[in-house]
**Q** 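Okay, here's the structure, questions in a sec.
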Amino acid sequence: MRRSTTTATAAAVTVAALLATATGCGGGSADGADADSAPGELTYWASNQGADIAADQAALGPELKKFEERTGIKVKLEVIPWSDLLNRILAATASGQGPDVLNIGNTWSASLQATGALLPWNAENFEAIGGRDRFVASAIGSAGAAGQDPAAVPLYSMAYALYYNKKMFQEAGIEKPPATWDELVETGRRIGDGGKDGKWALGAEGANLANNIHQVFVLSRQHGGSFFDAAGKPTFDTPANVAAVKQYIDLMAEARIVAPGNAEYDKNQSLQDFAGGRTAMVLWQSAASSFKAHGMKEGDWGTAPVPVPAGAAPGTGTGVNSMVAGINMAVFKNTDNRAGALKFVAFMTSDEEQKILNRTYGSIPPVKAAQSDPAFADQDLTVLRDTLATSAAPLPQVPEESQFETTVGTAVKELFADAAAGRPVTAESVRAKLAKAQQQMAN
């Protein structure tokens with residue numbers, strides 16, 4: 001997913017309920033009989049990628065006009081905040097009222113695939129947009145459940161990085177960013193131990209369910225764990241997962257390098273704190289455009305890989321240091337302009353548009369040919385690209401993924417609240433929260 005604000009919880013409309021009711025959207029019939037009954041127009045739900053909705057409208061407007069001039073197809077754009085997007089999509093799959101084409105967080109691909117509402121990207125549909133081989137393999141791997149035709153195609157690729165404030169590092173006499181978690185804690189204490197001088201070392205979004213999942217997923221992999229077994233069964237309260245969640249919460253509870261107030265953050269406030277010089281580091285995905293929107297200039301920040309355990313290096317296994325983040329583009333199966341929808345996806349994933357759009361949003365093109373553009377060779381994007389290529393892993397592509405984000409993300413949120421209030425966060429209290437989340441998944 002993108003650098004989200006509070007992600008939609010999916011509690012309001014569960015995937016299980018949708019499996020029985022979903023018929024798709026776009027105004028056509030469920031069996032596709034009217035798939036091209038409205039060839040002159042498309043409705044497109046875009047995710048909020050820029051600093052605000054107005055910025056996205058300004059960025060996408062000229063590109064959609066370009067598409068209209070080339071094809072004669074008018075695209076009606078709606079940019080939807082991340083706090084609303086998943087629930088809007090789930091409601092649309094249940095009601096049959098929604099767009100023709102839409103953006104989805106790549107972590108939702110398998111969950112939405114399970115509703116049956118999205119057009120499968122089989123060989124024929126991929127051929128209509130230039131072929132499956134145009135896309136980076138890891139991006140395709142986050143487009144649906146294994147063994148099935150993908151439910152979407154990659155549009156923007158992202159990875160997590162450690163961003164650090166160069167001025168604050170220099171003032172603290174720190175010459176390089178931390179490469180391990182032990183180094184991060186040590187660095188953090190030198191910069192802002194317990195809020196010394198009003199400065200804190202690390203920003204977090206403790207009430208942001210999606211961000212919580214992204215962070216603890218990586219730490220679980222570094223501890224040799226997984227939140228689902230090979231059969232897709234939840235394994236939330238294993239020792240490795242307990243250790244991972246406790247390690248994350250302890251950045252506030254024990255190391256005291258995260259401000260207690262961050263337990264309530266869920267709308268990218270940590271990025272504002274970073275840009276304002278109140279925190280020295282933040283773990284985020286493709287954050288450069290947001291920093292600029294908050295007044296920072298190129299060179300004010302540095303970018304480094306997310307830390308790994310002592311003795312490890314970024315890579316596979318315990319060296320995983322990011323989830324495969326990104327935005328996918330999907331078509332509702334019963335669109336009344338399937339041919340136009342395929343043309344639009346082909347346009348948005350063309351080499352030309354991939355360069356334009358990913359430059360705008362500070363992300364990495366998931367289309368191989370576009371990645372060679374010099375615009376994607378600066379330090380920020382080189383770190384992100386290398387991470388995606390060598391040390392990022394996809395979140396579990398299981399139908400219950402959105403429920404996983406809700407239940408475990410909420411458990412982490414509640415543990416952050418405990419830490420902020422000074423209540424002890426023990427291995428047993430973490431295990432109890434994760435066991436409760438697992439039970440909620442079973443009900």
Side-chain angles (χ1 to χ4, degrees), residues 1-7 51 82 158-172 174 176-181 183-193 195 198-219 247-252 255-308 321-323 325 361-363 379-381 383-384 387 412 416:
M1 286 179 48
R2 180 59 175 166
R3 50 176 103 81
S4 59
T5 58
T6 311
T7 192
W82 280 103
M158 288 157 278
Y160 273 84
L162 174 70
Y163 294 91
Y164 60 98
N165 184 303
K166 290 184 176 180
K167 180 180 179 181
M168 294 177 73
F169 268 54
Q170 184 178 21
E171 290 173 347
I174 300 169
K176 61 180 182 179
T180 70
W181 292 108
E183 291 175 1
L184 182 139
V185 171
E186 179 184 354
T187 296
R189 286 173 172 163
R190 289 176 62 182
I191 291 174
D193 186 9
K199 298 178 181 179
W200 291 85
L202 181 68
E205 298 272 324
N208 183 322
L209 307 190
N211 190 269
N212 286 343
I213 288 297
H214 299 168
Q215 306 296 349
V216 301
F217 167 77
V218 167
L219 290 170
Q247 180 183 347
Y248 188 45
I249 302 299
D250 278 348
L251 295 172
M252 177 186 292
R256 291 173 52 81
I257 63 172
V258 175
N262 283 203
E264 299 179 2
Y265 281 8
D266 68 351
K267 293 181 174 61
N268 301 0
Q269 295 98 319
S270 60
L271 300 186
Q272 297 175 38
D273 286 351
F274 180 88
R278 294 181 290 276
T279 56
M281 296 177 284
V282 67
L283 299 165
W284 209 258
Q285 46 178 309
S286 305
S289 61
S290 290
F291 294 154
K292 292 174 185 176
H294 290 303
M296 297 188 84
K297 298 181 176 62
E298 293 276 5
D300 287 348
W301 70 87
T303 311
V306 171
V308 293
N321 64 353
S322 177
M323 45 84 74
Y361 292 126
S363 49
Q379 183 202 14
D380 278 358
L381 296 179
V383 170
L384 300 180
T387 296
V412 176
F416 265 123

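All residue numbers refer to positions in the sequence shown, counting from 1. All figures in this text were calculated on a predicted structure; none of them were measured in a lab.
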**Q** Go through the structure and list residues passing side-chain hydrogen bond (donor to acceptor under 3.5 Å, both in side chains) with Thr387, not counting sequence neighbours.
**A** none
**Q** Measuring only between side-chain heavy atoms, which start at C-beta, is Val218 closer than 4.5 Å to Leu283?
**A** no
**Q** With no hydrogens and no angle check, just 3.5 Å: does a side-chain donor-acceptor pair link Asn268 and Trp284?
**A** no
**Q** List the residues meeting side chain to side chain contact (heavy atoms under 4.5 Å, CB included) with Ala161, not counting sequence neighbours, and say none if there are none.
**A** Tyr163, Thr303, Val383, Leu384
**Q** Of all residues at least two apart in sequence or in a different chain, which pass the side chain to side chain contact (heavy atoms under 4.5 Å, CB included) check with Glu264?
**A** none
**Q** Under the rule for salt bridge (charged side-chain N to carboxylate O under 4.0 Å, His left out), what residues qualify as partners of Glu183, not counting sequence neighbours?
**A** none
**Q** Side chains of Asn212 and Phe416: closer than 4.5 Å at any heavy-atom pair?
**A** yes
**Q** Could you check if a side-chain atom of Phe291 sits within less than 4.5 angstrom of a side-chain atom of Asp380, using non-hydrogen atoms only?
**A** no
**Q** For Glu298, which residues count as a side-chain hydrogen bond (donor to acceptor under 3.5 Å, both in side chains) partner, sequence neighbours excluded?
**A** Lys292
**Q** Please identify each residue that fulfils side-chain hydrogen bond (donor to acceptor under 3.5 Å, both in side chains) with Tyr248, with sequence neighbours left out.
**A** none
**Q** Partners of Asp250 by side-chain hydrogen bond (donor to acceptor under 3.5 Å, both in side chains), sequence neighbours excluded?
**A** Lys246
**Q** Output all residues satisfying side chain to side chain contact (heavy atoms under 4.5 Å, CB included) with Arg189, sequence neighbours left out; order by chain, then residue number.
**A** Val185, Asp193, Ala255, Ile257
**Q** Mind checking what makes side chain to side chain contact (heavy atoms under 4.5 Å, CB included) contact with Thr279, not counting sequence neighbours?
**A** Trp200, Asp273, Phe274
